[in-house]
Number of protein chains: 2
Amino acid sequence: MMSSPKKAVLLIHGGAGTLLRSKMDEVQEAKYRGALQAILLAGEAQLAAGAAALDVVVEAVRQLEECELFNAGKGAVYTAAATHELDACVMDGSNLQAGAVAGLSRTRNPVLAAQAVLRHSKHVMFVGAAADALAASHGLEQVAPDWFGTKQRFEQLQRAQQTDAGALLDHDGQAGGQAPIVEQSKFGTVGAVALDLQGHLAAATSTGGMTNKAVGRVGDSPLIGAGCYANDATVAVSCTGTGEAFMRSCAAFDVSALMAYQGLSVQAAAEQVVLEKLPKLGGAGGLIALAANGEFSLPFNTAGMYRGHVSLGNAPVVAIYRDEA
Amino acid sequence: MMSSPKKAVLLIHGGAGTLLRSKMDEVQEAKYRGALQAILLAGEAQLAAGAAALDVVVEAVRQLEECELFNAGKGAVYTAAATHELDACVMDGSNLQAGAVAGLSRTRNPVLAAQAVLRHSKHVMFVGAAADALAASHGLEQVAPDWFGTKQRFEQLQRAQQTDAGALLDHDGQAGGQAPIVEQSKFGTVGAVALDLQGHLAAATSTGGMTNKAVGRVGDSPLIGAGCYANDATVAVSCTGTGEAFMRSCAAFDVSALMAYQGLSVQAAAEQVVLEKLPKLGGAGGLIALAANGEFSLPFNTAGMYRGHVSLGNAPVVAIYRDEA
């Protein structure tokens, strides 16, 4: 299948949730597929030109943030206080360097803020106004805090608050059973993992969190080893789902540990985490995982996950529902 | 050695660093040893009375926070802006529930705030003013932001800023070699792990971070799997050291993964992480690790680590330097 002797691969996701075909509008579905397809094609071109995996995942996530369809950057969901708090993380598998930000409210592209932390700081993670300030000090565009919102997201918040459905989205802090998912739109995070022609892996994750989340809450997305992890020795992983269960599981790092210590394939490791371990903690969602050998897996335990992958020289593949490739 | 047929164990640490015997004042050293000893005795009494591991580690860390000698709670180090930002995490090995807070500036005992998150919130982690507000809403004592400081800590900040020595404490974002450590006092975090008579494990970690740290920086202490982890199936771990390397390594969870997936003993797993893996990322520090079978390990790659352990029915053991038991 490969036209190039060297492998280069990009995987992306745009969140997981109910995503039932029966409830999806045709036009809306076409928009999602088109957005994923375009981002994969752009990433494939970067990889073909020899770009580093880290740059490719950052650019893919930046584009996902710019797209209002996805819950990250523009189009992020609202907190319970009708504000936005954005989190992101990037990790370079070649040297285990990482950058993470949580609780941004002014930086247009959270993934670029995470990249700035990786590049410019001795530290790995910044939260709140200091994270926005760091991003601004490196020239990243700042926007008004209400810039991230959309009419659709605000209506989702209102529905969540009227029905108290927001509470249903969260695990209840007890093990056992999956959290019920009442609305696909509340359940998003975007991410990308890539393998470049130099053989390096990288991962990036960005999110607006969960609709109606408490102010100050941080989920798994900006946490190394929870929602994002990359290590050239094993795998690059980006997660989406009920963040608390992914945090308590160290889900992204666990995929790597299962591969490194038990010799599991990326598929076996990723499926064990998503299909066996996370449900025991009430964790609903999925992840994308790309091994150093180019093999990959995109498992989820929800009805659907916006996802796609492209291998250099091949056509991109995008999917939403469970019954797709 | 055990007078009880059932095992119950408590391990505590008060930070790692240069801690050279040649530089330690006798009176100061006696204070450290006395504080550790007293906390171990109190914890042993709790364990003997059947207290849950989670309650024992929270109380041990609360006492470490109250002690000005240690860099957590009262006596926390200063940020570059001469403020305090406190982080803490607790985890219950019996159900993998966890609570974490970062960037507190008003809650007297950060570990109690983390416990409140575990007990009362659907979420796992809160940062900044919202974390203080959550703690206050559950009746936890709030103090003025300057309450945490001491004269000694402020002088440490001034020395760090005059000499730019603070920068030396941080890994430089590159792999290779340990970060130089120029002052023991800048390098603290406290923590506890316990095994109770019911066979459950728990871990707690609390810190003021690093002297002269950037405002908004979050280290490993409040991050599940980085600076704190507990799982009845394997081990309870609390870390101290250059937080960034512990975050990039998922150090606490890695100890658990090495035990679960490779069948390593707690000692072998903890030493692999502290003596082999962390130094490759410039990580200096140590951790305390207590296995479900009661075996434990307290490895560190610095000159010393304030530490102690007690097994029910035995006298507490405290140590500071490398050449002690």
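Chain letters run A, B, ... following the sequence lines, proteins first and then strands; every chain starts at 1. The figures that follow rest on heavy atoms only: side chains count, while hydrogens, waters and symmetry mates do not.
The most heavy-atom pairs under 4.5 Å with chain A, out of Lys213(B), Glu85(B), Arg217(B), Arg119(B), come from Arg217(B). Here Leu96(A) is the residue among Asn231(A), Val101(A), Leu96(A) with the most heavy-atom pairs under 4.5 Å with chain B. Between chain A and the residues Ala130(B), Gly243(B), Gly216(B), the largest count of heavy-atom pairs under 4.5 Å involves Gly216(B).
Proximity to chain B involves both the backbone and the side chain of Ala257(A), based on heavy atoms less than 4.5 angstrom apart. Heavy-atom distances place both the backbone and the side chain of Ala214(B) under 4.5 Å from chain A. For a residue to count as touching a neighbouring chain, one of its non-hydrogen atoms must lie under 4.5 Å from one of that chain's; by this rule Ser249(A) touches chain B with the backbone only. With a threshold of 4.5 angstrom between heavy atoms, Ile224(B) approaches chain A through its backbone and through its side chain. Within the 4.5 angstrom heavy-atom criterion, no atom of Leu134(A) approaches chain B. With a 4.5 Å cut-off on non-hydrogen atoms, Leu223(A) touches chain B through its side chain but not through its backbone. Of the two parts of Asp254(B), the backbone and the side chain both hold a non-hydrogen atom closer than 4.5 Å to a non-hydrogen atom of chain A.
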**OP:** In sequence, state the C-alpha distance, the side-chain angles, and the governing distance for Tyr261(A) and Leu258(B), and then conclude on side chain to side chain contact (heavy atoms under 4.5 Å, CB included).
**Re:** CA-CA 7 Å; Tyr261(A) 303 149; Leu258(B) 286 165; 3.3 Å; yes
**OP:** Please assess Gln97(B) against Arg248(A) for the test side chain to side chain contact (heavy atoms under 4.5 Å, CB included), listing each intermediate value before the final yes or no.
**Re:** CA-CA 7 Å; Gln97(B) 288 190 30; Arg248(A) 295 159 64 204; 3.9 Å; yes
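Met247(A) contributes atom CE, which lies 8.0 Å from atom SG of Cys89(B) (distance to the nearest 0.5 angstrom).
Ring planes of Phe253(B) and Phe253(A): perpendicular class, angle over 60° (limits at 30 and 60°).
Within the 4.5 Å cutoff, side-chain heavy atoms of His123(A) are placed close to those of Met210(B).
Minimum heavy-atom separation, Cys250(A) to Gly225(B): SG-CA, 3.6 Å.
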